[in-house]
> 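One structure, as structure tokens, below. Some questions next.
Numbering of ligands and ligand atoms starts at 1, following listing order. Heavy atoms only: backbone and side chains are in, while hydrogens, waters and symmetry mates are out.
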Amino acid sequence: GVQTCALPIYPCMEIHLKKIESNARKIHEIFKPHGISIMAVTKGFTAEPRIAEAMLRGGLEYIADARIKNLKKLKDLPRQKVLLRLPMMSEAEDVVRYSDYSLNSEIETLKALGDAAKKLGTIHKVIIMVDLGDYREGIRSQKVEHFVKEAVEIEGVEIRGFGVNLTCFGGVIPEQTTLQRLVDISEEMRMKYELTLDIISGGSSSSVYLVEEENGFPAGINNLRLGEVILLGKETAFGKRFDGLCEDAFILKTQIIELKD
Ligand SMILES: *Cc1c(COP(=O)(O)O)cnc(C)c1O
């Protein structure tokens with residue numbers, strides 16, 4: 001799994017695919033018993049296919065990236081693809097073409113995605129983002145119902161999940177009570193609008209620490225979107241090494257060009 005530079009050309013990044021695979025497998029084995037599926041987040045390495053494949057060999061269920069041009073590179077890998085960043089209206093058609101799910105919080109964008117999906121003869125699945133205090137993206141909790149009521153009328157898109165992003169802009173540390181609110185909102189919307197929900201996504205590498213806490217993930221959270229903890233072995237709420245994962249899958253090698261007292 002190690003590809004060293006044949007002729008050393010510096011600086012040089014050594015990438016240990018076996019370590020990435022092993023980290024992905026450990027993560028998969030930790031979360032599977034909790035009924036939590038994992039999206040392998042590929043934006044940290046601009047979706048280099050060999051690295052993404054290593055993550056998938058570890059058993060991860062979805063591929064997720066913030067950019068459509070990255071997902072395009074991975075279009076032949078046999079997993080459902082997820083666009084993590086809220087779509088730009090201008091890229092609606094490519095979003096439908098190259099991702100199975102996208103994260104959303106705007107009615108206008110859902111209409112554009114719906115139009116694109118109809119044109120392409122498909123239905124695009126959307127995960128609605130709820131803002132629970134981090135202020136990166138999402139609908140404030142008291143406005144979710146109004147949003148869903150409008151969204152279910154849009155042809156070509158189908159609400160298939162709810163999600164939250166934490167510790168991204170506002171530095172909010174994920175807690176059980178916060179994630180319980182996401183579960184409650186999702187459940188209320190599922191009942192009221194008869195939704196089929198595949199995904200209740202409880203965050204990123206900043207949420208993983210909860211699995212070792214007494215007050216951990218509430219029942220109902222069934223997905224996480226993970227990049228950093230798999231690539232660098234660290235959870236991101238407290239920056240701690242997570243459960244014995246490898247921290248040296250990526251090694252930057254450089255030459256010292258001056259060494260003097
Ligand atoms: C990048 C990203 C993630 C993954 O974050 P990590 O800290 O690398 O695990 C999850 N969700 C969204 C919306 C993202 O943009």
Side-chain angles (χ1 to χ4, degrees), residues 15 19-20 23-24 26-28 30-31 36-48 51-52 54-56 58 60-71 73-74 79-88 91 95 98-106 109 125-139 160-174 178-179 182 199-211 217 221-243 245-247 249-250:
I15 303 173
K19 292 185 179 183
I20 293 168
N23 281 359
K26 280 184 190 155
I27 287 283
H28 175 67
I30 289 167
F31 286 97
I36 295 178
S37 66
I38 305 295
M39 293 178 181
V41 175
T42 56
K43 69 182 184 227
F45 49 90
T46 58
E48 156 60 41
I51 304 176
M55 290 169 107
L56 299 189
L60 307 188
E61 290 90 346
Y62 299 85
I63 292 171
D65 202 288
R67 285 177 168 68
I68 281 295
K69 70 172 182 210
N70 285 350
L71 289 177
K73 294 193 209 171
L74 304 176
R79 291 291 190 287
Q80 298 260 297
K81 318 287 183 317
V82 184
L83 179 67
L84 291 173
R85 201 232 319 98
L86 307 177
M88 292 186 278
E91 64 180 355
V95 173
Y98 296 106
S99 71
D100 300 282
Y101 294 84
S102 61
L103 309 188
N104 282 277
S105 67
E106 290 291 343
T109 309
K125 297 181 274 195
V126 299
I127 298 170
I128 304 301
M129 296 305 278
V130 181
D131 181 75
L132 295 174
D134 201 64
Y135 296 126
R136 184 178 110 138
E137 79 254 279
I139 302 153
R160 293 295 282 269
F162 288 89
V164 67
N165 207 356
L166 296 162
T167 339
C168 191
F169 180 71
V172 173
I173 301 288
T178 319
L179 296 182
L182 178 69
I199 290 172
I200 310 297
S201 189
S204 65
S205 297
S206 70
S207 292
V208 295
Y209 87 96
L210 280 171
V211 79
F217 288 98
I221 296 291
N222 71 2
N223 177 265
L224 292 172
R225 314 173 303 270
L226 303 181
E228 188 161 341
V229 72
I230 296 163
L231 302 176
L232 302 181
K234 285 195 166 105
E235 58 80 35
T236 59
F238 306 102
K240 285 204 229 118
R241 186 167 184 184
F242 186 69
D243 215 49
L245 300 182
C246 305
E247 292 174 282
F250 292 81

> For Lys234, is the NZ atom crowded, meaning more than 12 foreign heavy atoms sit under 6.0 Å from it?
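No, because the 6.0 Å sphere around NZ of Lys234 holds 12 heavy atoms or fewer from other groups.
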
> Step by step, work out the side-chain contact (heavy atoms from CB on, under 4.5 Å) result for Arg225 and Asn165.
CA-CA 10 Å; Arg225 314 173 303 270; Asn165 207 356; 3.6 Å; yes

> May I have a table of the N/O to N/O pairs between ligand 1 and the protein that fall below 3.5 Å, each row giving the two atom names and the distance to 0.1 Å?
residue: ligand 1; atom: 8 (O); partner: Glu228; partner atom: N; Å: 2.9
residue: ligand 1; atom: 9 (O); partner: Ser205; partner atom: N; Å: 3.0
residue: ligand 1; atom: 9 (O); partner: Ser205; partner atom: OG; Å: 2.5
residue: ligand 1; atom: 9 (O); partner: Gly227; partner atom: N; Å: 2.9
residue: ligand 1; atom: 11 (N); partner: Arg225; partner atom: NE; Å: 2.9
residue: ligand 1; atom: 11 (N); partner: Arg225; partner atom: NH2; Å: 3.4
residue: ligand 1; atom: 15 (O); partner: Lys43; partner atom: NZ; Å: 2.6
residue: ligand 1; atom: 15 (O); partner: Arg136; partner atom: NH2; Å: 3.4

> Sequence neighbours excluded, which residues qualify as side-chain hydrogen bond (donor to acceptor under 3.5 Å, both in side chains) partners of Ser207?
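With sequence neighbours excluded, Ser207 shows a side-chain hydrogen bond (donor to acceptor under 3.5 Å, both in side chains) to no residue whatsoever.
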
> Determine, stepwise, if the pair Asn70 / Thr46 fulfils side chain to side chain donor-acceptor pair (under 3.5 Å).
CA-CA 6 Å; Asn70 285 350; Thr46 58; 5.4 Å; no

> Taking Asp65 for its side chain and Arg67 for its backbone only, find out whether a donor-acceptor pair lies under 3.5 Å.
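Between the backbone of Arg67 and the side chain of Asp65 there is a qualifying donor-acceptor contact (under 3.5 Å).
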
> In terms of ring plane angle, is the pair Tyr209 and Phe238 parallel, tilted or perpendicular, where the classes change at 30° and 60°?
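Perpendicular: the ring planes of Tyr209 and Phe238 meet at over 60°.
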
